[in-house]
Amino acid sequence: RFAGLFSIMGCLFAQYTTEIGVALGPSNSLTDIGGWDKPRRDFIWDLKLNSTRWEIGVFGKKMLWRSDLWGAVKLAWLRIAGADSNSVYPPRYYRNLSFRTDIIELTVKVDWIYFTDYDVGRTGRYLYQLRAYWFLGTGVIYFIPRGKYNGKWYNLRLLRTEGQEKPYSPFLPFISFGPGVSFTMHKKYRFAWEFAWRIPFPFFRNADYLDDIHDRYPDPEKLPNDLARKLSNRTYERPRGTSPLGDVEYEQYGPGSPRGNPKDNDNWLSTYFSFSYVLRTRQAFYQKKYSWVVKKKKVHRIKVRYKF
């Protein structure tokens, strides 16, 4: 009995409380570009699957409280993209804008585990564990929107395509949330799936510029150069009668006309799979509470004096 008790307490002392891993999966976005044959729609109904790109990341997690709360830090590279050419809704189709944005993302989040099966398959050996959780986090991104012209990609932020006095900041804070599921093998190898939705803080003026589209067409004379003018208004690259749903009046794309929707900020999302290795560490809580269990006995050594 005592041997079993010591074994249990030893497991409490040395728990798998830290993990490091990698993540990979598809990413997409909700911006002023998207949709199919209608104006803007809420939630995922404005997504275009052919605009899906990717996310690659590395992360570390640490148990914060028992086994129910974990903290995580993640660094990721995402790419999102969109093009009006994917839409047949005439106002968007003839607007003819497009973008590709690379995002470097740093996230700090907390996982709340609301379900755990410690022994999947009921083997009695506790080698396979299933968990389900929700997470909430915050972080900051560094983003670079680019536009393609004559086969080359240009930094749209620096071109100030809506006539800004100075380029908007490439740094943007956000909140992140979503569900997750993980499966652990032999207490060390963890496979997980997460779906993450990101929303930028609304009081930052660059919260609607992930696609470099926010408000209205500027006066071409206020743009810094010819390249900015060509990438700011690309309507005239679309000949009349090329939309399958009808034509529009080109005058609606002139200076002061709506170029985007300033009432709705850009969102981005991804769903990714991860693999992590769980490290075994000692918990200070159990060390303090059950220190009597693993307390080592002092070994008294007999000192011998040698005479020469």
Side-chain angles (χ1 to χ4, degrees), residues 20-34 43-44 46-48 51-61 71-83 97-111 134-148 153-162 164 166-180 192-215 231 260-274:
I20 54 175
V22 295
L24 175 66
S27 62
N28 212 312
S29 60
L30 290 172
T31 68
D32 292 276
I33 292 180
F43 195 49
I44 62 174
D46 224 18
L47 290 176
K48 291 293 293 180
S51 296
T52 300
R53 295 300 184 265
W54 64 83
E55 172 182 344
I56 302 173
V58 294
F59 64 90
K61 290 188 177 183
V73 177
K74 181 182 177 186
L75 180 65
W77 168 40
L78 301 86
R79 175 172 288 177
I80 58 175
L97 294 175
S98 61
F99 77 100
R100 186 189 78 183
T101 300
D102 287 316
I103 298 174
I104 303 298
E105 178 183 282
L106 179 63
T107 307
V108 178
K109 67 187 184 79
V110 175
D111 297 348
W134 292 95
F135 67 85
L136 177 65
T138 185
V140 63
I141 62 171
Y142 176 82
F143 68 101
I144 307 174
R146 290 186 171 92
K148 192 175 185 180
W153 291 93
Y154 296 93
N155 189 327
L156 297 173
R157 184 182 74 89
L158 299 180
L159 292 174
R160 295 180 281 128
T161 56
E162 290 192 352
Q164 302 96 330
K166 61 181 182 179
Y168 48 82
S169 172
F171 296 96
L172 178 63
F174 67 93
I175 59 173
S176 176
F177 58 90
W193 166 86
E194 289 185 359
F195 176 80
W197 193 291
R198 289 86 153 188
I199 300 176
F201 286 100
F203 43 82
F204 285 83
R205 71 183 188 94
N206 60 340
D208 192 33
Y209 276 107
L210 289 182
D211 55 359
D212 194 61
I213 303 170
H214 172 60
D215 198 355
L231 288 171
N261 184 357
K263 296 181 180 180
D264 296 295
N265 291 331
D266 298 331
N267 296 179
W268 66 104
L269 56 141
S270 61
T271 178
Y272 45 85
F273 298 90
S274 67

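Just so you know, these numbers use all the heavy atoms, side chains as well, and skip hydrogens, waters and symmetry mates. Please read all numbers here as calculations on a predicted model, not as lab measurements.
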> Please find the pair of heavy atoms, one from Leu78 and one from Ser27, that lie closest to each other, and give the distance.
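Distance-wise, the nearest heavy atoms are CD2-CB, 4.2 Å.
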
> CG of Leu75 to OG1 of Thr107: how many Å apart, nearest 0.5 Å?
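The OG1 atom of Thr107 is 8.5 Å from CG of Leu75, to the nearest 0.5 Å.
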
> Count the heavy atoms of every other residue, nucleotide or ligand shown that sit under 6.0 Å from OH of Tyr142, and state whether that count exceeds 12.
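Check fails, neighbour count at 12 or below.
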
> Would you kindly check if the NZ (Lys) or CZ (Arg) of Lys74 is within the cone defined by 45 degrees around the ring axis of Tyr272 and under 6.0 Å from the six-membered ring centre?
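Relative to the ring axis of Tyr272, which defines the angle, Lys74 lies inside both limits.
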
> For the pair Asp111 and Lys61, find out whether any cationic side-chain nitrogen is under 4.0 Å from an anionic carboxylate oxygen.
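A salt bridge links Asp111 with Lys61.
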
> Quick check: closest heavy atoms across Pro26 and Thr52, and the distance to 0.1 Å?
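Answer, listing the atom of Pro26 first, then Thr52: CB-CG2, 3.5 Å.
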
> If you compare all heavy atoms of Ala196 against all heavy atoms of Ser176, which two are closest, and at what distance to 0.1 Å?
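Scanning both residues completely, I find the closest heavy atoms to be CB-OG, 4.0 Å.
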
> Quick one: CD1 on Ile213 to OG1 on Thr31, what's the gap to the nearest 0.5 Å?
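Reported value, rounded in 0.5 Å steps: 6.5 Å.
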
> If I take atom OG1 from residue Thr101 and atom OH from residue Tyr209, how far apart are they, to the nearest 0.5 angstrom?
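Taking OG1 in Thr101 and OH in Tyr209, the distance rounds to 13.5 Å.
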
> Using the rule given for side-chain contact (heavy atoms from CB on, under 4.5 Å), can you reason through Ser270 versus Phe195, listing the C-alpha separation, both sets of side-chain angles and the distance that settles it, and then say yes or no?
CA-CA 6 Å; Ser270 61; Phe195 176 80; over 6 Å; no

> Say you draw a straight line from CG of Leu269 to CG of Asn267; how long is it, rounded to the nearest 0.5 Å?
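Here the interatomic distance stands at 8.0 Å.
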
> Answer whether the closest heavy-atom distance between the side chains of Trp193 and Ser274 falls below 4.5 Å.
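A side-chain contact is absent here, since even the closest heavy-atom pair is not under 4.5 Å.
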
> Can Phe135 and Val110 be said to form a side-chain contact (heavy atoms from CB on, under 4.5 Å), step by step?
CA-CA 5 Å; Phe135 67 85; Val110 175; over 6 Å; no

> Using a 4.5 Å cut-off on heavy atoms from C-beta on, say whether the side chain of Asp266 contacts that of Asp32.
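Yes, side chains in contact.
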
> For Gly82 and Ile33, which heavy atoms make the closest approach, and how far apart are they?
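Between these two residues, the closest heavy atoms are C-CG2, 3.6 Å.
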
> Does CH2 belonging to Trp153 count more than 12 external heavy atoms closer than 6.0 Å?
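Yes, enclosed.
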
> As an exercise, state the distance from CG of Asp212 to CZ of Phe99, rounded to the nearest 0.5 Å.
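So the CG of Asp212 and the CZ of Phe99 are separated by 10.0 Å.
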
> Decide, yes or no, whether a salt bridge links Arg198 with Glu55 under the criterion of side-chain N to carboxylate O below 4.0 Å.
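Yes.
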
> Parallel, tilted or perpendicular for Phe201 and Phe203, by the 30°/60° rule?
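Plane angle between 30° and 60°, so tilted.
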
> Test Phe59 against Val73 for side-chain contact (heavy atoms from CB on, under 4.5 Å), laying out the working first.
CA-CA 6 Å; Phe59 64 90; Val73 177; over 6 Å; no

> When you look at Arg79 and Arg100, which way does the side-chain contact (heavy atoms from CB on, under 4.5 Å) test go after all the steps?
CA-CA 7 Å; Arg79 175 172 288 177; Arg100 186 189 78 183; 3.8 Å; yes

> Under 4.0 Å between a Lys/Arg side-chain N and an Asp/Glu carboxylate O for Arg146 and Asp102?
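Result for this pair is yes, salt bridge flagged.
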
> Check each of Asn261, Thr161, Asp208, Asn206 against His214 using the side chain to side chain donor-acceptor pair (under 3.5 Å) test, and report the only one that passes.
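When Asn261, Thr161, Asp208, Asn206 are each tested with His214, the side chain to side chain donor-acceptor pair (under 3.5 Å) holds only for Asp208.
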
> With the side chain counted from C-beta on, respond yes when Trp197 and Phe177 share a heavy-atom pair under 4.5 Å apart, and no when they do not.
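They are in contact (side-chain heavy atoms under 4.5 Å apart), so the answer is yes.
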
> Would you call Phe174 and Ile199 a side-chain contact if the rule is heavy atoms closer than 4.5 Å?
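No, their side chains stay 4.5 Å or more apart.
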
> Is there side-chain contact between Asp215 and Glu162, with at least one heavy-atom pair below 4.5 Å?
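With C-beta onward as the side chain, the pair touches.
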
> Hey, does Pro145 have a side-chain heavy atom less than 4.5 Å from the side chain of Asp211?
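No. Closest side-chain heavy atoms not under 4.5 Å.
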
> Below 4.5 Å, heavy atoms only, C-beta onward: do Ile141 and Phe171 meet side chain to side chain?
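No, too far: nothing below the 4.5 Å cut-off.
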
> Is it the case that the ring center of Trp54 lies less than 6.0 angstrom away from the ring center of Trp77?
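Between Trp54 and Trp77, which both carry aromatic rings, the centre distance is below 6.0 Å.
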
> Which value, rounded to the nearest 0.5 Å, describes the distance between Tyr168 atom OH and Phe204 atom CZ?
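It comes to 16.0 Å.
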
> Taking the side chain as everything from C-beta on, heavy atoms only, tell me whether Pro179 gets closer than 4.5 Å to Glu194.
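A side-chain contact under 4.5 Å is absent here.
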
> Can you list the steps and then say if Trp268 with Asn28 is a side chain to side chain donor-acceptor pair (under 3.5 Å)?
CA-CA 6 Å; Trp268 66 104; Asn28 212 312; over 6 Å; no

